[in-house]
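Written out below as structure tokens is the structure these notes cover.
On a predicted model such as this, the values are computed, not experimentally measured, just so you know. Convention: sequence-line order gives letters A, B, ...; per-chain numbering from 1.
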Amino acid sequence: MKGRNQPGRIYGIEMTETMEGKHSSRCRPLMPADIRDLRRHLLAWYEKNRRRLPWRETGDPYRIWVSEVMLQQTQVQTALPYYRRFLQRLPTLRKLAGADLGAVLKLWEGLGYYARARNLHRAAGMLTASGNGRIPDRWEEFRALPGVGDYIAAAVLSIAFDRPHAVVDGNVKRVLARLRMIAVPANRSASRKFFQTEADRLLDHRRPGDFNQAMMELGALVCTPAAPNCAACPLIACCCAHRSGAVGCYPRRVASRAVPEEEIAVGVVSKSGRVLITRRAPQGLLGGLWEFPGGKLRTGERPEAACVREIKEEVNLDVVVEKPLAQIRHAYSHLRIRLHVFACRFTAGRVRLNGPVDHRWIRIAEIDRFAFPTANRRFIPLLKQRAAESRAAHGRGRSA
DNA sequence: AAAGCGGGGTA
DNA sequence: TACCCAGCTTT
């Protein structure tokens, strides 16, 4: 019960000791019989209400692994088309290991958290190179792979290999927080152990994969963040928060800090029918993706000036800004950016990279072969349109 | 323990 | 707008 008395804060509203004490007093300890009932009700509900998802139609550990990686911090509906494409193109661990990183990132383009793709690719390479190309079915070996944390390890091992490891994700934390009126904040790393202990206690060792998926499915379909459908919940009889009328107070979380805003200028540098793209370093933000060169505005600096300066700094080219092309606003989880996009004309210099790890002069027609961040993708249609217009004008000029 | 890391969905 | 999502790694 350590940490139970931390005051904490939910959506900026201070929780008092009084409220906390009152809720806790209505939540009696779970007895073995309660836990048996809970498992039975949950699994019965799951059998009847589970969604038919492609990764639930297979026992292939590789496919299950890929699904779990795609699903971290990503909603099912978002991941679904990516999952199909990825498995169609890379149906086995060996195929993944044999693909080059650019191709893997291209399949991941737009999904975000690109370290997931890099780690999955690296892990596949490690298993294919050193091991026998099989996915480990034991905690120590699987958990040690890059990109495999406690969640992924528990999910893959329980679902693909029937190993008794309880998963703890955002859904499970929300269900547990309400079910047991857990007062520790769900968004603090210090609370992780607490939720894990609760999950371990409830896990049905006879059907760990189904139990884990049932908990998550309940969180996704019934015990939702806003407006949970308690009337449809198979666990309503043993839910402490529901009994206390306090479902809306859980899970508790501490306030997160405000996200900063950045202004960025980038240039589409043209030279004899081609444009310059650069590749970001493999680690860090958007690692390994391609983009148009540019960078942050300094305080008081005009976007045009920043564009010219950044291109000189990053690729050592002298350019002049011809015209503004677009302004893109884009929100990340931890920062917001405003992107000023300019058409630039190359005037002098030879590419020398300072920051980017690679560059290409490409035709716009080739641009879809490269993986770009979504903020870049948003103005790429404009470039295609300009290229088409330019071709049309050129064609008329020649035929006239 | 906290910060860094995407992008889309939702009320 | 602010929160949330089948989290992991680095600092």
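- Counted by atom type alone, A:N212 and A:S158 present one or more donor-acceptor pairs between their side chains at under 3.5 Å.
- Taking the six-membered ring for Trp, A:F211 and A:Y46 have ring centres at least 6.0 Å apart.
- Using the six-membered ring where Trp is involved, A:Y332 and A:H334 have ring planes that are perpendicular, over 60° apart on the 30 and 60° scheme.
- By the side chain to side chain contact (heavy atoms under 4.5 Å, CB included) test, A:Y113 is found to be paired with A:Q73, A:R116, A:S333, residues two or more places apart in sequence or in another chain being considered.
- C:dC8 and B:dG9 are spaced 23 Å apart, taking the P atom of each and rounding to whole Å.
- Listed pair A:R336 / C:dT1 meets the phosphate criterion, a side-chain N or O lying under 4.0 Å from OP1 or OP2.
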Taking only N/O atoms, report every protein-nucleotides 9-11 of chain C pair under 3.5 Å with atom names and distance.
unit_1	atom_1	unit_2	atom_2	d
C:dT9	OP1	A:G147	N	2.4

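- Aromatic ring pairs are classed by plane angle as parallel below 30°, tilted from 30° to 60° and perpendicular above 60°; the pair A:W139 and A:H165 is tilted.
- For A:Y82, the side chain to side chain contact (heavy atoms under 4.5 Å, CB included) partners two or more places apart in sequence, or in a different chain, are A:M70, A:R85, A:L111.
- A:D150 comes within 4.0 angstrom of the backbone, heavy atoms only, and of no base.
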For nucleotides 9-11 of chain B, tabulate all protein N/O to nucleotide N/O atom pairs closer than 3.5 Å, reporting atom names and distance.
unit_1	atom_1	unit_2	atom_2	d
B:dG9	O4'	A:Q75	OE1	3.3

Name every donor-acceptor pair, under 3.5 Å, that has one atom in a side chain of residues 219-236 of chain A and the other anywhere in the protein, sequence neighbours excluded.
unit_1	atom_1	unit_2	atom_2	d
A:T224	OG1	A:A226	O	3.0
A:T224	OG1	A:A227	O	3.4

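- If you take atom P in C:dA6 and the same atom in B:dA11, they sit 14 Å apart, rounded to whole Å.
- Contacts of A:W55 with the nucleic acid, taken as non-hydrogen atoms under 4.0 Å apart, include base atoms.
- In plain terms, the two heavy atoms of A:E109 and A:F372 that are nearest each other are OE2-N, 2.8 Å.
- Classified by interplanar angle (parallel below 30°, tilted 30° to 60°, perpendicular above 60°), the ring pair A:F292/A:F379 is tilted.
- Shortest non-hydrogen contact noted between A:A265 and A:P303 is CB-O, 3.3 Å.
- Comparing the P positions of C:dT9 and B:dG8 gives a spacing of 24 Å, expressed to the nearest Å.
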Distances under 3.5 Å between protein N/O atoms and the N/O atoms of nucleotides 3-6 of chain B, please, pair by pair.
unit_1	atom_1	unit_2	atom_2	d
B:dG4	OP2	A:R257	NH2	3.0
B:dC5	OP2	A:H334	NE2	3.3
B:dC5	N3	A:Y113	OH	3.3
B:dG6	OP1	A:Y114	N	3.3
B:dG6	OP2	A:L286	N	2.5
B:dG6	O4'	A:Y113	N	2.9
B:dG6	N7	A:Y113	OH	3.4
B:dG6	N7	A:S333	OG	3.1
B:dG6	O6	A:Y113	OH	3.0
B:dG6	N1	A:Q73	O	2.9
B:dG6	N2	A:Q73	O	3.1
B:dG6	N2	A:T74	OG1	2.9
B:dG6	N2	A:L111	O	3.4

